[in-house]
2 protein chains.
Amino acid sequence: MGKAKATRGDRAGAATTAEKIRAAAEELFCLRGFEAVSVADVAERAGVNKALVFYHFESKAHLFDLVLARYYDAHTAALAGAFADEGALAERLHRVVDAYLDFMADNRRYAALVQQQLTEPGTHARIRRHLEPLLRFLEQALAGATPPKGPLAGRQFFVTFSGMVTHYFTYAPLLGALWGGDPMSRAALDERRAHVHWLVDAILARLADERPAKARPARARTR
Amino acid sequence: MGKAKATRGDRAGAATTAEKIRAAAEELFCLRGFEAVSVADVAERAGVNKALVFYHFESKAHLFDLVLARYYDAHTAALAGAFADEGALAERLHRVVDAYLDFMADNRRYAALVQQQLTEPGTHARIRRHLEPLLRFLEQALAGATPPKGPLAGRQFFVTFSGMVTHYFTYAPLLGALWGGDPMSRAALDERRAHVHWLVDAILARLADERPAKARPARARTR
DNA sequence: GTCTATAGCGAGATAGAC
DNA sequence: GTCTATCTCGCTATAGAC
């Protein structure tokens with residue numbers, strides 16, 4: 001699982017063989033998924049011999065695991081920062097949405113990769129470990145605005161928000177043809193961003209309307 | 001592509017060989033996707049010889065195409081009925097959401113199948129033909145409530161609604177572990193249904209609030 | 001660490017008897 | 001229409017020289 005030596009960053013010129021392989025694998029896996037990429041493809045892309053892939057990484061599966069772990073970590077890190085406890089709830093959620101959209105736009109095949117993982121039981125444990133902190137983040141952020149159980153609980157909004165964002169990217173290749181225009185263009189991404197922001201506001205407004213009526217008696221816990 | 005004779009329904013006892021194969025393929029493809037299912041698996045499940053699969057269907061890909069087409073058709077049919085022009089907009093949308101959720105609950109791996117297709121360019125044309133009428137349905141239904149362009153256009157809500165629904169099912173295997181309790185249980189599905197209904201209402205309420213205000217000066221193009 | 005050569009397997013698909 | 005036997009190919013992974 002990676003020689004201990006691979007501590008160097010990924011400067012362009014001085015890439016070690018292992019790093020070239022990792023980079024090539026990342027590119028290809030994110031482009032075509034796991035099954036559709038062969039070790040020979042990775043080696044060719046990296047400009048190294050096929051056998052070296054097995055020397056530096058134990059197997060194709062290990063290599064894929066490594067790529068996936070990097071993505072999961074990057075994803076969590078990107079969102080964790082955005083959840084920072086500053087500003088009103090709406091503002092925080094907008095930040096999170098922005099971070100999510102930006103991450104997806106920068107790693108366009110990531111959504112597809114994760115979706116693909118979902119179809120393979122056996123990888124569920126890892127994805128769960130990846131998603132759990134994100135779910136907790138959102139539940140905590142929403143704690144003051146949503147009830148702890150039922151159809152308006154934070155976990156429902158977790159599915160809703162992540163669906164709204166990721167769906168756009170998994171469907172992007174189709175949307176281009178259906179809509180006309182590139183859904184990955186700056187303008188299109190900004191439009192999607194505005195849409196999701198609008199939805200966040202609509203949801204918060206409706207929650208605020210309902211809360212006093214619903215959980216009325218005694219003091220409402222403002223946060 | 002299927003002998004012309006295969007007009008019989010799928011009564012249990014009198015299943016023809018081709019039908020047994022088709023049924024087995026449908027089950028397995030929806031359970032594990034395309035790559036993870038071998039022709040030998042299908043034959044075994046159907047209780048027939050492997051070579052017969054190639055006799056009755058030209059190839060594994062053809063067989064898969066057939067299964068997929070059936071699903072797409074069933075999906076479109078299920079939603080088309082729900083879009084019927086009766087009742088207020090909110091009521092119609094609730095009907096569509098219900099039909100969508102029911103279809104997904106009855107065909108639990110369908111969402112994963114479609115997602116998987118999205119990762120394989122070359123199948124895009126077909127999915128597009130499948131999605132196009134659904135998009136047009138929704139755009140038409142929303143025509144009076146949303147602007148024709150921009151972040152609140154119908155097409156944005158198309159991605160949003162389908163994401164909210166399908167995401168629940170693609171993530172279901174994980175949600176069980178994350179939440180505790182089976183996300184496919186009657187109670188859990190009803191909770192999700194209530195959540196999406198609530199969202200539909202929140203969105204319509206907000207749209208109604210904004211429309212007069214937004215395009216205010218001179219005559220607002222009420223459309 | 002890097003290469004060539006090849007083992008070994010499982011897959012889709014076909015040949016041809018019945 | 002159904003079967004057995006087999007072909008062919010691409011893939012992961014390894015052996016072993018350098």
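In what follows, chains are A, B, ... by sequence order, proteins preceding strands, each numbered from 1. Please read all numbers here as calculations on a predicted model, not as lab measurements.
Between B/Phe54 atom CZ and C/dT14 atom C1' there is a gap of 9 Å when expressed in whole angstrom units. Going from atom CG of A/Leu28 over to atom P of D/dC11 covers 13 Å, rounded to whole Å. To the nearest angstrom, P of D/dA13 lies 14 Å from CZ of A/Phe57. Taking atom CD1 on A/Ile21 and atom P on C/dG1, their separation rounds to 11 Å, with Å as the unit. The CD-C1' distance, from B/Glu44 to C/dA11, rounds to 15 Å in whole Å. Here the P atom of nucleotide C/dG10 and the CG atom of B/Asp41 are 12 Å apart, to the nearest Å. Across the protein-nucleic acid pair, A/Phe64 atom CZ and D/dA13 atom P stand 14 Å apart, rounded to whole Å. Atom P of nucleotide C/dG12 and atom NE2 of B/His62 are separated by 15 Å, given to the nearest angstrom.
How far CG of A/Leu178 is from NE2 of B/His124: 11.0 Å, rounded to the nearest 0.5 Å. Here the CD1-CZ distance, from A/Ile203 to A/Phe161, works out to 4.0 Å after rounding to the nearest 0.5 Å.
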Below 3.5 Å between N/O atoms, which protein atoms pair up with nucleotides 2-6 of chain D? Just atom names and distances, please.
residue	atom	partner	partner atom	Å
D/dT2	OP1	B/Thr17	OG1	2.9
D/dT2	OP2	B/His56	NE2	2.9
D/dC3	OP2	B/Asn49	N	3.3
D/dT4	OP2	B/Asn49	ND2	2.9

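Here B/Gln156 pairs with A/Glu191, A/Arg192 under the side-chain hydrogen bond (donor to acceptor under 3.5 Å, both in side chains) rule; sequence neighbours left out.
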Under the criterion salt bridge (Lys or Arg N to Asp or Glu O under 4.0 Å), I'd like the reasoning laid out for B/Arg22 against B/Glu19: C-alpha separation, chi angles, the key distance, then a yes or no. CA-CA 5 Å; B/Arg22 195 201 47 71; B/Glu19 279 163 0; over 6 Å; no

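Within the structure, no pair that satisfies the salt bridge (charged side-chain N to carboxylate O under 4.0 Å, His left out) test touches residues 172-181 of chain A, not counting sequence neighbours. The side chain to side chain donor-acceptor pair (under 3.5 Å) pairs that include a residue from residues 171-189 of chain A are A/Arg186-A/Asp190, where partners are two or more places apart or lie in different chains. Contacts classified as side chain to side chain donor-acceptor pair (under 3.5 Å) and involving residues 73-85 of chain B (residues at least two apart or in different chains) are given here: B/His75-B/Tyr110, B/His75-B/His130, B/Thr76-B/His130, B/Asp85-B/Arg92.
Remark: B/Glu132 does not engage B/Arg129 in a salt bridge, criterion side-chain N to carboxylate O under 4.0 Å.
As judged by a 4.0 angstrom heavy-atom cut-off over every strand, A/Val53 is placed among residues making no nucleic acid contact. Within 4.0 Å (heavy atoms only), A/Val42 reaches no atom of the nucleic acid at all.
The cationic atom of A/Lys60 (NZ for Lys, CZ for Arg) lies less than 6.0 Å from the six-membered ring centre of A/Phe34 and within 45° of the ring axis.
Listed by first residue number, the stems of DNA chain D with at least three Watson-Crick or G-U pairs below 3.5 Å are C:1-18 with D:1-18.
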